[in-house]
Amino acid sequence: MIKNICCIGAGYVGGPTMAVIANKCPDIKVHVVDLNEQRIADWNADDFSKLPVYEPGLDEVVKEARGRNLFFSTKVDEAIQEADAIFISVNTPTKTYGVGKGMAADLKYIELCARQIASVATTDKIVIEKSTLPVRTAEAIQNILKNTGNGVNFEVLSNPEFLAEGTAVNDLMKPDRVLIGGSETPEGQKAIEALVAVYANWVPKENILTTNVWSSELSKLTANAFLAQRVSSVNALSELCEHTGADINEVSRAIGTDSRIGPKFLKASVGFGGSCFQKDILNLVYISKSYGLTEVADYWEQVIIMNDHQKRRFAANIVKTLYNTVSGKEISLLGWAFKKDTNDTRESAAIYVCDELLNERANIRVYDPKVSASKVYTDLDYLDTRSSEENESLVSVVNDPYESCKGAHAIAIMTEWDEFKTYDWQKIYEQMQKPAFIFDGRNLLDVPKLEAIGFKVYSIGIGK
Ligand code: UDX
Ligand code: UDX
């Protein structure tokens, strides 16, 4: 029976997941550790609105369990030693160097974790991959643990996370399914049962699926690939709609009422972002290529190509509409996060649209209700297109949306934050340069109302 859990990695996945486990299982001690001291300090903050991850409802969950059976610290060795089960929830970014550069997942953090577990553990452990990993990573982890350990037994399970940011707490409390993959040996089955018992505290048994390890790992990658594919499919149609006079919102509704297709994930946008979609698809492409499956690789790669096209096309349309030049013009980007209700900006479309506009010498203002100025600059610096001095001089991050739009030639909606719908658009219009343009990258705003005020509005996928 699992009585003591350690989780390595206090990020967007590890933090909320462990908070919910601790909340639902008061008898299990949950210790979340991270190398990053600041992150841990933020999880331990007295002010629950200052947690490092913003998720609706997360503060309440942490408030109830923290100090009771939920602990955050940097004491990695101690937490490993005490635990019966160790979740590995460190990040697995796309490699930026060497073989597989730009495609394969960089597993160096995972390997470091495995080596650390092996060197520290003095009792048997269940080791659980929570991070999204390419197929057959469990085998590598198992190998490292077996060959470098102190003779104790390790059983490796795959338990991929399906939470979406912005709805993490709800997704964890009421998951569509929990997936647990383990080896087909008696020890593997025993480990699976132990983890099933943890989730069974709040998830109905029939929603807990058990598989072999490889199926579980591959299911996570392909679940994201299928979701991303729907967004790219609808975005591909959005361009066709613009040329033909159809309306993508109407098309989506018509498609979505077919119960075989369903209504979710059919919203046209400036392009998907987030830490998972692009990374996981690139992984799938890389794995397919490495098995010589060129057609399979090309098929999935097209999802990414379409997404890149959508972001570029959005930026190009702004330039074209503003009389083919944005040089020296002020453009206000509303939203920087990759979707609403999160402060995560990884792979956000806003970063790429901003970069394209900066290439055209525009001046950019950014407003996002949850993203800090330093995050915006870090994201731009990371692209390496410009020096950080240039980024700082061309981009200003403001904490008031009205200020951000004052005197601007155009506004671009990058994230679907609810608050954007409630702004005083009449007031914003009066303070802008004329003609005043809005490029709605999320089809969020009420177009007839804006047009009545005097705005010229562009929405994704609506032909004129
Ligand atoms: C997760 C998953 O783990 C990843 O596979 C998935 O594809 C995206 O979501 P996430 O929680 O979002 O990652 O990443 P992040 O917020 O960066 O958190 C990872 C944490 O692990 C960081 O706080 C980092 O400091 C910590 N870490 C990393 C360690 O403690 N040790 C390491 O060796 C590496
Ligand atoms: C995703 C998966 O949904 C989740 O199951 C997995 O565990 C991690 O990856 P996440 O990246 O948090 O979650 O966000 P998601 O809600 O899937 O959105 C991804 C991107 O697609 C966002 O940029 C979103 O704005 C965009 N999107 C989503 C659209 O453009 N249109 C849609 O209809 C839906």
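Counting convention: from 1, in listed order, for ligands and their atoms alike. What you see is a predicted model; the values in this text were computed from it and never measured.
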In terms of atom number and element, which parts of ligand 1 are under 4.0 angstrom from non-hydrogen atoms of [X]?
| X | answer |
| --- | --- |
| Asn36 | 25 (O) |
| Ser89 | 3 (O), 19 (C) |
| Arg39 | 15 (P), 16 (O), 18 (O), 22 (C), 23 (O) |
| Thr92 | 4 (C), 5 (O) |
| Ser131 | 2 (C), 3 (O), 5 (O) |

Is Leu112 in contact with ligand 1, taking contact as a heavy-atom separation below 4.0 Å?
no
Tyr199 meets the ring-ring contact (aromatic ring centres under 6.0 Å, His included) criterion, sequence neighbours left out, with Trp202
Taken in chain and number order and not counting sequence neighbours, the residues that satisfy ring-ring contact (aromatic ring centres under 6.0 Å, His included) with Trp43 are Phe72
Hydrogens and angles aside, do [X] and [Y] bring a side-chain donor and acceptor to less than 3.5 Å of each other?
| X | Y | answer |
| --- | --- | --- |
| Trp425 | Asp446 | no |
| Asp42 | Gln38 | yes |
| Glu242 | Tyr458 | yes |

Contact set, ligand 2, heavy-atom distance under 4.0 Å, ordered by chain/number, equals Glu161, Phe162, Leu163, Ala164, Glu165, Lys220, Asn224, Leu227, Val231, Phe265, Leu266, Lys267, Ser269, Phe272, Gly273, Cys276, Phe277, Phe338, Lys339, Arg442
Pairs of nitrogen or oxygen atoms closer than 3.5 Å, one from [X] and one from ligand 1: do any exist?
| X | answer |
| --- | --- |
| Tyr109 | no |
| Leu35 | yes |
| Ile8 | no |

Salt-bridge criterion met for Lys130 and Glu161 (N-O under 4.0 Å): yes
- Query: Is a salt bridge present between Asp280 and Lys220, judged by a nitrogen-to-oxygen distance below 4.0 Å?
  - Reply: no
When every non-hydrogen atom of Ile192 is compared with those of Gly181, the smallest separation belongs to CD1-C, 4.3 Å
Let me check something: any side-chain donor-acceptor pairs from residues 138-146 under 3.5 Å, sequence neighbours excluded? List them with distances.
unit_1	atom_1	unit_2	atom_2	d
Glu139	OE2	Arg136	NH1	3.3

Go through the steps for Phe226 and Trp300 under the test ring-ring contact (aromatic ring centres under 6.0 Å, His included), then give the verdict.
CA-CA 9 Å; Phe226 270 71; Trp300 288 107; 5.6 Å; yes
